Amino acid sequence: MAELTAAPGFQPRLGACPACDAAPLAQRLAERAEAALPQNLILSLPDAHCALCISQVETALLAHPGVRSARVNLTLRRVTVDAPGLQASDLIPLLARAGHVAHELDPDALSSTAADRAGRDLLMRIGVAGFAMMNVMILSVAVWSGAEAATRDLFHWISGAIALPTVAFAGRPFFASAWTSLKARQLGMDVPISLALILASAISVSETAQSGHHAYFDAAVMLCFFLLVGRYLDHRTRAIAKSAAAELTALEVPRATLISDVVERTVPVADLRPGDVIRVRPGGRVPADGIIVDGTSEIDRALLTGETLPVAAAPGLALSAGEVNLTGPLVLRVTAAGRDSSLSRLTALVEAAENARGRYTSLADRAARAYSPAVHLLALSSFAGWLWASGDLRLALNIAAAVLIITCPCALGLAVPAVATSASGRLFRRGLLIKDGTALERLAEVDTVVFDKTGTLTLGQPRLLDPAAIPAELRGVARALADGSSHPLSRALAEGLADTAPATLQDLREQPGRGVTARWLGLRVSLGRADWLDVPRDDAPTLSSWLAVEGRPALRLDFADRLRPGAEDCVARLLADDRRVILLSGDRAAPVAALARQLGVQEWRAGVSPVEKADAVAALSDAGHKVLMVGDGLNDTAALARAHASISPASALDAARVASDMVLTGQDLTPVAEALVIARQATRRIRQNFAISIGYNVVAVPIALLGLATPLIAALAMSISSITVTLNALRLGGRAR
Amino acid sequence: MEILAILIPVSLGLGGAGLVAFLWALRNRQFEDPKGDGQRILSEQWDDKPRPKD
C-alpha cells in the first residue's frame, strides 16, 4: 500500500467515495502488470494522417510473421507493435515498402503514463462536477422561478445532497494546492477558491436548515466545474508539449557498438564504462568521449564548436561525445561516458544559467498575487461592515459569502490556460513546440534575437556552389567519384551534378579521411583533401574539395553551407518588425560575414566560444534587452539557458533542446518570426481576459456588497464571464490559419 | 406536487446514467486516440465481419 500511494500524481488522501479510489487503484495495478510484460515496439509515424494510412500500416505489419498485434494511434502518430523477438529494424523496411516513413522510438523515454493518469483524473472530476452542475441547476431554476416554503426547502436539500459530495470530490485539487501554499505561508489563487467553496457550502447548509431563501449550492458546483476546465486545459497543453518533447528524445535510441574479446555487440550508451573499446561507423555520432585507437576518418565538430570544416581524425586524437564520424570506421577507447562525458559536463553550466531565469513571474502569478489579498480584504470588510450596521450575524455572513463567490476567479482561472491552449495549438500546427509554461509570455517581450549560424540559420549540409566551374568532360568523372563516398562533400557534389551521367571508372577505392581515387580511361583520378592530393593549401574562405586528374592541374570545388528554408524570410520579418538581429557563430569570419551579408544582418561576430556566447547574451540582458536565443549546438547551450527565451531546431543536440523553451519540429525557420507575433497576440489576449473578468467584478461586486446578490445573479455573472473569456481566447486559434 | 417524488429521482437517475457512461468510457481508454477513432470508421476493412478478438 505504501508503495502504491507513493505513485506519482497520487497523493495519500481520504476518499470521499472509497469505490472511486479502489477502481483506479486496481486499474493501476493491472497497468503495472502489463508494463512488466515483454516490451512492445513503438514506432513514430510522422506522415500518418488518414484512415487509409491506419489500415495500410496495420495490414503491412500484421502480414509479417511474428507480429501478434499492431495498433496505430493517429492522435500521437505512433504505432505500437507486439512482436516478440523482432527488432524495429525488421519492421521499418516493411512500412517503407507500404509507403510510410517510420522511426524507432525508445519506449523507456516515453513514460508519459503519469501525465496521462493526472489528465484522466482531472477529466473524471470534470465529469462528476458537470453532472452535479446540470442537476443542481435544474433544481435551482425551480427555486429561482419562485418555489415556496416546503418545496424550496426540499429542492435545497436535494441540491445539497448532490453538491456537498461533489464539492468534496471535485474540489480536491484546489483544496490540496491551497493547503500546500498555506503551509508555505503564501496566498495563491487556490486559497480564495477553496475558501469560497467551503464558505458557500457551509452557508448554504445552514441557510437550508433555517429554511432561508438563498442557497449557493449551484454556485459552488459551477465554480468547481469552470475552474476544473481551466485546470484541465492547462494540464493538457503541458502534457502535449511534454509528450512531443519526449518523442524527440526517444527518437535518438542511444546505442553503441562494443567490441569485446569475442564478438561485437550493441549496448545502450548508459552501459559504457571508461576503458571499453567501441566502434563508430561512418555517419554515426560519437556516443562517449574517447581516444581513437584505430582507423582514419574525418570528424564533424559543428554541433560542438560551430566549425563547418571537418577535422582529420587519426589514432591518438581525442573525440568528444556528440561529434559525428564522417568517412571511415573508427575504433575508440572510451575515456569518459555518460554523466562524466563532456556533453554532460555542460549541464552544470546550463543549470546555473537556468536558475537565473527561474525568477520570471508569469502574468497569472502576478494577477494572483494582487488578487488574493484584495478579495479576502473585501469579503472581510463587507462582513465587518454589515455586522456593524445591522448587527445581524447571519446576514453579514451571507453577504460575505456572496462577495467571495462573485469575486471568485472563474474567469481569471480560465483567462491564461484558454489562451495558452489555443496559442500553443496554433504554434504546434506551424511546427513549433512550447516546452515551458511561461515561454509564450517571455517570448512576447523579446526585442533582440540572437542566431547561431551552423545548424540553425544553415542546415549544416554543404551545397556545390558552381557546377559550371567543372569542365564538361570532367563532370561525369566527378559525379562517379562522388558516388563512391558517403562524405558530406561528396554527397553534395553528387547532388549538384545530378543531371550528369556518371562516367565509368575502374578500381574505385575510398581512403577514409582522405578521399576517393579510381582509374578513368587509364588515368588516375582523385577527389579529396588538398594535403592528400599534394595541392598547396590556400586559405579558401569556403569549404572546398579538390578534383585531380593525372596530367592536369587540380581543380578546386567550392561548397557553401545550405541555408535553412525560411531563414531569409524569418530574418527579414524580424528586421521589418524592428527587432535587433545578431549573429554569433563559432565558425571562421569569412563564412559568417558572407551569411550575414546574404541575410542583411548588420551585427555579427565570428569565432565566438561557448562561454563568450553566454556572456554576450548576459551582457545584452544586463543592458536591458530581452534576448531570444536561437541555436542548436553544444556551444549554444549555455547561451540558450541564459537568454530570456530560447528556441532550438529538432536536429539540435539533446542538451540544447533540453535547455531551450521551444523546439522547432520542422526544418523551416519561418515559425520563429510567426511565434513572436503570436506570442504578442496571446499576451494581449491574456491581458484582455484579465480586463474582462475584472470588468465583471466591478459590476457585480457592488451588487454583492449592497446585499442584493442572489444565487441567480452569481450564476449568471460566473457563467457569462467564463464563456466570454473562453471565446476571446479561441479567437486567437481561429484566425489566419 | 407528488409528481416531484417521481420526476426528481428519474432526472437524477438519467443524469447518473450519463455520468456512469462517461466514467466507463474514461476507464476503457476511449479518449486515447480521438482522431484515429474518428478516421477508423471510414475504413472498409471490418465492414463484412467484426475484427477477430486477439
Side-chain angles (χ1 to χ4, degrees), chain A residues 19-20 23-24 26-27 30-31 48-56 58-59 62 68-80 82 116 119-139 142 147-148 150-151 154-155 157-159 161-162 166 236, chain B:
Chain A
C20 303
Q27 198 201 347
E31 278 171 9
H49 63 279
C50 62
L52 196 63
C53 307
I54 297 180
S55 62
Q56 277 174 349
E58 288 183 354
T59 318
L62 286 171
R68 284 205 297 214
S69 76
R71 175 95 186 167
V72 173
N73 184 326
L74 197 63
T75 315
L76 297 171
R77 298 212 165 130
R78 280 178 202 162
V79 58
T80 311
D82 179 15
D116 278 3
R120 259 185 293 168
D121 187 67
L122 273 177
L123 251 186
M124 182 167 71
R125 285 173 209 273
I126 291 178
V128 171
F131 156 78
M133 185 175 79
M134 281 188 282
N135 286 287
V136 174
M137 261 322 150
I138 291 172
L139 296 168
E148 287 292 325
T151 322
L154 173 70
F155 282 5
W157 279 122
I158 300 174
S159 303
I162 303 169
T166 307
R236 219 184 54 141
Chain B
M1 281 296 169
E2 288 77 30
I3 194 72
L4 284 181
I6 302 164
L7 283 185
I8 289 176
V10 165
S11 85
L12 287 182
L14 284 176
L19 179 67
V20 168
F22 172 69
L23 293 182
W24 173 83
L26 206 59
R27 293 272 155 77
N28 276 280
R29 310 178 149 239
Q30 304 266 334
F31 297 98
E32 294 277 282
D33 183 14
K35 215 166 142 192
D37 292 337
Q39 293 282 351
R40 263 169 212 278
I41 207 168
L42 300 172
S43 152
E44 294 175 354
Q45 209 180 358
W46 306 106
D47 278 2
D48 304 334
K49 53 181 184 351
R51 181 187 180 134
K53 292 251 159 99
D54 5 61

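Computed from a predicted structure; not experimentally measured. Here is the naming used below: chain letters follow the sequence lines, and residue numbers restart at 1 for every chain.
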CG (Leu19(B)) and CE (Met124(A)) are apart, to the nearest 0.5 Å, by 10.0 Å
Gap separating the NZ atom of Lys35(B) from the SG atom of Cys50(A), nearest 0.5 angstrom:
10.5 Å
Name the region of Leu139(A), side chain, backbone, both or neither, that has any atom closer than 4.5 Å to a heavy atom of chain B.
side chain
At what distance, to the nearest 0.5 angstrom, does CG of Leu122(A) lie from CZ of Arg236(A)?
12.5 Å
Any idea which heavy atoms bring Pro9(B) and Ile6(B) closest together, and the distance?
CD-O, 3.2 Å
Under 4.5 Å from any heavy atom of chain A, what part of Leu23(B) do you find: side chain, backbone, both or neither?
side chain
To check you understand the geometry: which heavy-atom pair defines the closest contact between Asn135(A) and Ser11(B), and what is its length?
OD1-O, 3.7 Å
Taking side chain as everything from C-beta outward and backbone as N, CA, C, O, which of these in Ile54(A) sits under 4.5 Å from a heavy atom of chain B? Side chain, backbone, both or neither.
side chain
At a 4.5 Å cut-off on heavy atoms, which part of Ile8(B) comes close to chain A: side chain, backbone, both, or neither?
side chain
Non-hydrogen atoms of chain B under 4.5 Å away: do they reach the side chain of Asn73(A), the backbone, both or neither?
both
Residue part contacting chain B, namely of Ile158(A), when any heavy atom lies under 4.5 Å
side chain
